[in-house]
Number of protein chains: 2
Amino acid sequence: MIDQTLLPTEFREIDCWTVEGVWEAIKVLRVRGAPAIGVAAAYGVVVGLKDHRDDERSDFNAKLAEVVAYLASSRPTAVNLFWALDRMSSVALEHRSLSSAEVHESLFAEAKKIDAEDREMCTAIGQHGHHLLESGMGVLTHCNAGALATAGDGTALSVIFAAVAAGKSLRVYADETRPLLQGARLTAWELQQREIPVTVICDNMAAQVMKEGHIQAVVTGADRIAANGDAANKIGTYGVALLAKAHDIPFYVAAPSSTFDLSVAHGDHIPIEQRAREEISDGFGTQTVPAGVDVYNPAFDVTPASLISAIITEQGLISKPTTENVREHLKDCAVHGSSDHAR
Amino acid sequence: MIDQTLLPTEFREIDCWTVEGVWEAIKVLRVRGAPAIGVAAAYGVVVGLKDHRDDERSDFNAKLAEVVAYLASSRPTAVNLFWALDRMSSVALEHRSLSSAEVHESLFAEAKKIDAEDREMCTAIGQHGHHLLESGMGVLTHCNAGALATAGDGTALSVIFAAVAAGKSLRVYADETRPLLQGARLTAWELQQREIPVTVICDNMAAQVMKEGHIQAVVTGADRIAANGDAANKIGTYGVALLAKAHDIPFYVAAPSSTFDLSVAHGDHIPIEQRAREEISDGFGTQTVPAGVDVYNPAFDVTPASLISAIITEQGLISKPTTENVREHLKDCAVHGSSDHAR
């Protein structure tokens with residue numbers, strides 16, 4: 001995987017040959033973005049069991065449960081992590097009579113399938129979403145929901161990539177996204193790689209840029225979406241959604257259907273990861289907060305469905321999301337169709 | 001003066017014995033905050049003319065005009081800078097028959113008067129404003145409008161200091177205030193010095209902190225206020241005002257009457273300083289934006305009067321500011337009473 005903590009000044013791909021290495025990569029955001037975390041965790045299960053292919057099945061199953069629980073402890077908010085781990089666990093349950101080595105093969109195949117599906121999902125989101133964007137628009141995005149956040153072309157950025165591929169001319173405004181600056185470091189880097197015009201702003205400049213008329217649409221990703229359409233995403237997204245509403249700018253969320261957690265009725269019940277003080281107080285290699293002063297560092301916030309113009313999934317659009325139209329949208333979906341996935 | 005660029009890790013007082021040194025200190029924000037800039041510029045005029053006390057009056061006057069124009073070029077938005085320079089110029093006009101040395105004495109006296117008035121102004125703003133705050137409140141502030149921004153106790157922070165002095169218990173939330181982090185570096189430092197509880201957040205966390213119920217009032221400073229009450233302040237203030245409105249939280253602006261520029265009918269006509277790319281792309285010694293990517297860096301935005309619950313001046317409160325009640329409030333004011341100051 002690309003070590004995203006080193007971008008934009010260094011591009012380095014790293015190998016993770018232990019489950020501890022995968023866990024650490026997720027924890028410290030070497031790999032980040034809800035779909036990418038899911039794919040990484042799936043491969044992490046394969047890596048974590050590679051030395052147990054000759055174990056008894058009961059021992060293999062116990063080790064699998066241990067590896068899954070360990071990887072699930074890396075980050076609490078992105079539901080794709082739990083969704084991918086559930087899929088991996090299900091593979092073992094479905095193949096009770098196979099040997100450990102055979103199950104391990106099936107787990108590897110399932111991880112590759114999750115990976116491939118993620119690529120297809122990104123493409124489909126772009127195809128459904130780009131009709132919302134017109135040539136000449138300025139599009140604001142927050143954090144990074146691009147190729148770096150997925151196995152494919154991204155979610156929010158896939159919409160932009162598809163629009164540009166369709167011949168539309170856009171300018172993207174990227175919130176730098178404190179504290180870890182995924183917008184400045186990653187989104188700007190991805191767009192520059194594809195030669196799409198991008199302007200980086202500080203998070204607190206979004207309102208002014210909207211007021212000046214530079215923004216005609218906002219597109220972000222999501223880390224978990226409740227049954228009613230409330231969407232958890234990188235801290236600051238909720239504020240951007242309020243500012244978009246105040247300026248009559250449509251606010252779109254692009255995310256695969258695996259991002260929905262139908263076991264959560266509304267956004268207030270989504271757990272919000274709290275991260276370390278040092279991300280804010282010592283974020284640039286320089287101490288910027290006096291020693292001993294309190295810092296509050298929630299990694300996510302929840303944008304209420306009422307502020308979301310549409311959710312773009314790989315299956316199409318959910319305009320003005322509600323519990324009813326979310327359920328209708330997902331009813332034929334492999335992830336959610338038969339019954340809600342529990343965890 | 002305190003070199004504010006070194007805080008919070010180093011407290012260093014510097015002397016500026018040349019007008020170029022004063023200009024540079026204003027330009028690079030060693031001294032910042034609209035009232036403090038005004039005081040610094042007034043002393044800068046004295047410093048800039050100290051070697052011209054034996055000049056002919058006509059030469060002295062020409063040099064004065066040159067020094068004033070030079071200092072006025074340091075930063076474009078804070079009106080207190082121009083207001084202080086106007087006062088200094090007026091001193092020379094009023095004393096046409098005096099010698100250059102005598103006028104220089106008068107200029108020094110005027111600078112000391114501006115300084116002393118600023119201290120009194122801060123105290124009066126605190127006294128008028130603290131009645132808006134109740135014990136137990138969480139108060140959000142943006143940037144630094146404290147003692148570091150003035151000759152006295154500050155504007156927004158003077159309100160907080162006065163409330164605490166009156167026995168009220170408050171917790172202050174300080175937006176870190178990208179790109180130069182005046183909230184994290186300066187506001188947090190000032191509050192910690194006075195043992196007032198303070199929590200630093202990233203700018204993009206303000207909406208979430210409001211949603212969680214931690215904020216009962218917002219108080220900020222201002223760099224220039226138009227005749228209708230529209231207030232220019234540090235970039236991000238306008239966004240905070242919109243978020244406060246969305247959460248039904250009162251939004252107060254604390255500023256001396258010298259901050260009003262009655263020659264500007266409304267906020268759209270206030271010039272907004274654009275600052276260097278590097279403040280965002282290379283903040284604090286680390287490159288965080290890919291080379292070659294565009295950056296937009298407006299230093300200020302304008303909060304429309306309709307979002308301001310009250311403006312707190314040294315003369316009292318202007319509730320729900322309009323052109324009419326701003327004019328009424330300022331009619332007996334020495335700065336604005338007889339005629340609008342032009343520049």
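Throughout, protein chains are lettered first and strands after them, A, B, ... in sequence-line order, and every chain is numbered starting at 1. On a predicted model such as this, the values are computed, not experimentally measured, just so you know.
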Quick check on [X] against chain A: is it the side chain, the backbone, both or neither that has a heavy atom closer than 4.5 Å?
X: B/Thr9; value: side chain
X: B/Glu212; value: side chain
X: B/Ala188; value: both
X: B/Ala291; value: backbone
X: B/Gln208; value: both

Could you tell me whether the side chain of [Y] reaches within less than 4.5 Å of the side chain of [X], counting heavy atoms only?
X: A/Lys211; Y: B/Pro304; result: yes
X: B/Glu190; Y: A/Pro290; result: no
X: A/Met205; Y: B/Ile280; result: yes

Out of [options], return the one with the most heavy atom pairs under 4.5 angstrom to chain B.
options: A/Ile235, A/Thr286, A/Asp301; answer: A/Ile235
options: A/Gly239, A/Ala246, A/Ala184, A/Gly285; answer: A/Ala184
options: A/Lys245, A/Lys234, A/His247, A/His142; answer: A/His247
options: A/Thr288, A/Leu191, A/Val289, A/Val295; answer: A/Thr288

Check the surroundings of atom CD in A/Glu195: do more than 12 heavy atoms from other residues, nucleotides or ligands lie under 6.0 Å from it? no

Under a 4.5 Å heavy-atom cut-off, does chain B meet the side chain of [X], its backbone, both or neither?
X: A/Val302; answer: both
X: A/Asn204; answer: both
X: A/Gln287; answer: both

Find the one option among [options] whose heavy-atom pairs under 4.5 Å with chain A are most numerous.
options: B/Gly236, B/Gly292, B/Pro197; result: B/Gly236
options: B/Thr237, B/Leu7, B/Leu243; result: B/Leu243
options: B/Val198, B/Leu181, B/Ile201, B/Val209; result: B/Val198

Taking atom CZ of B/Arg178 and atom CZ of A/Arg178, what is their separation to the nearest 0.5 Å? 6.5 Å

